[in-house]
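To start, the structure under review is shown below, and the notes come after it.
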Amino acid sequence: MTVAAESAGAAAGLVQSVDWLAIAPPTLAAVVALIILVADLFVPEHRKPLLGGLAIAGLVAALGTLLPLRHGDRATFCLTTAPDVCSYTADHFALVIQLLVLGGALLTALLSYHDTRRLPAGEFWFLLLASAAGAALLPAARDLATLVVALEVASLPAFALVGLRRGDRLSSEAALKFFLSSVTATAVMLLGVSFVYAATGTLHLTEIATRLDDVPGQLATLAKAGVALTLVGFAFKTAAAPFHFWVPDTYVGAPLPIAAYLSVVGKAVGFSGLILVTVVAFPSYHAVWGPVLAVLAALTMTVGNVAALRQSATRTGSAVRLLAWSSVAQAGYLLVPIAAAAYGGAGDGSGGRGGGTDRIGSTVAYALMYAVVNLGAFAVVALVARTKPLNRISDHQGLYARRPLAALAMGFFLLCLAGLPPGIIGLFAKVTVFSAAVDAGLGWLAVVMALNVVVALFYYLTWTAVLFRSPEGAREDADASIATADGAGTAALAPAPALTVAIALTAVAGIALSGAPQLVLRFAGVSLF
């Protein structure tokens, strides 16, 4: 009986209680996705818009579950032998990224609400919420297995979303490029993860950080290779140059709301994962990944801005293509504070502990700013595309004469991305990132960033000027004929209140943040330790 009692006690010790409140945001999104998938089998075609309403309600509810978690420091799925080593942690960093991800998914749903008539509605809403659930899980993941699973749950539905326009050659090509590049990145990352596990014997990030300090000599090379391969995998996910080649064609071929989703939520997923593996798991290798990320940051922002300069205003898809290259450049800015975090404890070997975590807050703050204004810009492009489906920058000429509020909102979003007043939040975010580079002693990177910001002013201001030029009557008549021939002219007559709400929400958020920019850094300046 004693042996049996001891066995029962040991078995009971292996049973973990689940903190359902901590995991509520991604769980609720996943549950609603499954409900929509099943409901789609029974809902008649004329009631399919109800699925979109259910998806929006589910995302709002998921955002609501963040409120009771606002104090952070909740964890679950912990080791029974080490209760402080957990696979899921709802700390402040995770909650801020979950707010960004779920908020971005909600705005994407608003952009998509009137466009699913040409897409399989049930599949669309299921895939969007499934991807959002994976994206919300990733920032809370604290072991490499959960991190990889969350990354793939976020990515796999995105492949299908990009190629969901059946019979569209551009959409299929975009999905294929996105799929092949992402699969390659995942394979490289998994190889790196396996090397790290072989060298340390653990998958938990904090345990890896401890054990990498004392890797046996015969495994040191394996550990270094694992760290390098893991970083290369995340470089693909963040669209850092030279791993950015899939971005422009994927954005142009995808439905507009999905391009917006990838530019914000997809980027947030990649960068939050990169932050976790560098600052939390690999701090002892800061002398390696810090310089590498600094070089990648300089290369990425330069490639993105130079390519954006080359976009022709009259080329089909040029509006989306310019925003795609702009997102590559913005990825370079986002990499700067992560690289600077490697120098946060340069004197004490902490490799980003201490002062470095404040620099990570700069990346989070910049990501929040970028998410708001970039989604707003895509919302205005989607509004213009309802009557001008070629998605050219020249289609925005005279927008102020036709839709003055939309033109003012678009001008504000572009000035925020450029970092010019009245887009104070964009200026504030860039100054914060610039300060992170200077404080870390990366003066050369700060100079490269300053030059790139000046270069980016040209194409952002050029597009802004187009909004307020006099419209060209002949071109508008020709475009109207094209829209009618494509069947979009009739659709354009239908009201799009959800699209209007998305533009209004992003504009109000951008104006509010510009009025009190210091709140962003205070909200995002968090500690991961």
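- Judged by distance alone, with hydrogens and angles left aside, the side-chain atoms of Arg142 form a donor-acceptor pair with the main-chain N or O of Pro139 at under 3.5 Å.
- A 4.5 Å side-chain heavy-atom check between Pro120 and Leu164 finds at least one atom pair inside the cut-off.
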Val18 vs Tyr88, side chain to side chain contact (heavy atoms under 4.5 Å, CB included): CA-CA, chis, key distance, verdict: CA-CA 10 Å; Val18 178; Tyr88 187 101; over 6 Å; no
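- Side chains of Trp289 and Val277 form no contact here, defined as non-hydrogen atoms less than 4.5 Å apart.
- Using bins of under 30°, 30° to 60° and over 60° for the plane-to-plane angle, the ring pair Phe179/Phe159 lands in the perpendicular bin.
- Minimum interatomic distance between Thr146 and Ala141 (heavy atoms only, all atoms of both residues): CG2-CB, 3.6 Å.
- Using a 4.5 Å heavy-atom cutoff, the side chains of Asn391 and Leu256 are in contact.
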Assess the residue pair Phe178 and Ser155 against the criterion (side chain to side chain contact (heavy atoms under 4.5 Å, CB included)); give the C-alpha distance rounded to whole Å, side-chain angles, the decisive distance to 0.1 Å, and a yes or no. CA-CA 10 Å; Phe178 185 26; Ser155 299; 5.6 Å; no
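- Taking 4.0 Å as the cut-off between side-chain N and carboxylate O, Lys237 and Glu152 count as a salt-bridged pair.
- Contact check for Ser263 versus Leu323: no side-chain heavy atoms found under the 4.5 Å cut-off.
- A donor-acceptor pair under 3.5 Å links the side-chain atoms of Arg70 to the main chain of Leu67, judged by distance alone.
- Residue Leu129 holds its CG atom at 10.0 Å from CG of Leu106, rounded to the nearest 0.5 Å.
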Start with the C-alpha gap between Lys267 and Asn374, add the side-chain angles, then the distance that decides, and say whether side chain to side chain contact (heavy atoms under 4.5 Å, CB included) holds. CA-CA 12 Å; Lys267 200 172 297 297; Asn374 205 61; over 6 Å; no
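- Of the possible polar contacts, none joining the Trp463 side chain to the Leu414 backbone as a donor-acceptor pair under 3.5 Å is found.
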Side chain to side chain contact (heavy atoms under 4.5 Å, CB included), that's the test. Do Trp246 and Leu180 meet it? Break it down for me. CA-CA 9 Å; Trp246 57 272; Leu180 292 177; over 6 Å; no
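- With Arg74 contributing its side chain and Ala90 its backbone, the two residues share no donor-acceptor pair below 3.5 Å.
- Gln98 CD to Leu66 CG: the interatomic distance, rounded to the nearest 0.5 Å, is 6.0 Å.
- Under the side chain to side chain donor-acceptor pair (under 3.5 Å) criterion, the residue pairs touching residues 318-334 are Asp249-Arg321, Asn305-Tyr333, Ser326-Tyr460, Gln330-Tyr366, Gln330-Tyr460, with sequence neighbours excluded.
- Applying the side chain to side chain contact (heavy atoms under 4.5 Å, CB included) test between Leu110 and each of Leu499, Leu59, Leu505, Ile503 identifies Leu505 as the sole match.
- With values rounded to the nearest 0.5 angstrom, Thr230 atom OG1 is found 9.0 Å from Leu190 atom CG.
- The heavy-atom pair separating Thr278 from Leu274 by the smallest distance is OG1-O, 2.7 Å.
- Side-chain atoms of Thr363 come within 3.5 Å of backbone atoms of Leu334 as a donor-acceptor pair (strictly under, hydrogens ignored).
- Minimum heavy-atom separation, Ala55 to Trp125: CB-CE3, 3.6 Å.
- Within the 4.5 Å cutoff, the side chain of Val381 has heavy atoms near those of the Met410 side chain.
- Screening residues 248-267 for ring-ring contact (aromatic ring centres under 6.0 Å, His included) gives no qualifying pairs among residues at least two apart or on separate chains.
- Rounded to the nearest 0.5 Å, atoms CD1 (Ile36) and CG (Leu50) are 11.0 Å apart.
- Side chains of Phe378 and Thr108 form no contact here, defined as non-hydrogen atoms less than 4.5 Å apart.
- Atom OG in Ser87 sits 10.5 Å away from atom CG in Leu144 (nearest 0.5 Å).
- In plain terms, the two heavy atoms of Ala94 and Asp91 that are nearest each other are N-OD1, 2.9 Å.
- Distance alone, capped at 3.5 Å, is enough to place a donor-acceptor pair between the Gln311 side chain and the Ala307 backbone.
- Asn452 places a side-chain N or O within donor-acceptor distance of the main-chain N or O of Val448, the cut-off being under 3.5 Å.
- Considering all non-hydrogen atoms of both residues, Leu102 and Ala132 come closest at CD2-O, 4.4 Å.
- The local environment of NZ in Lys48 is crowded, with over 12 non-hydrogen atoms from other residues, nucleotides or ligands closer than 6.0 Å.
- For the atom pair OG1 of Thr200 and CG of Leu222, the computed distance is 9.5 Å after rounding to the nearest 0.5 Å.
- Closest of all the heavy-atom pairs between Leu111 and Ala379 is CD2-CB, 3.4 Å.
- Without hydrogens or angle criteria, Thr202 side chain to Ile208 main chain gives no donor-acceptor distance under 3.5 Å.
- At least one side-chain heavy atom of Phe77 sits less than 4.5 Å from a side-chain heavy atom of Ile23.
- Residues Leu203 and Val193 form a side-chain contact, since some pair of their non-hydrogen atoms from C-beta on lies under 4.5 Å apart.
- A donor-acceptor contact shorter than 3.5 Å links the side chain of Thr186 to the backbone of Ser182.
- The backbone N or O of Ala297 lies less than 3.5 Å from no partner atom in the side chain of Thr300, so there is not a single donor-acceptor pair.
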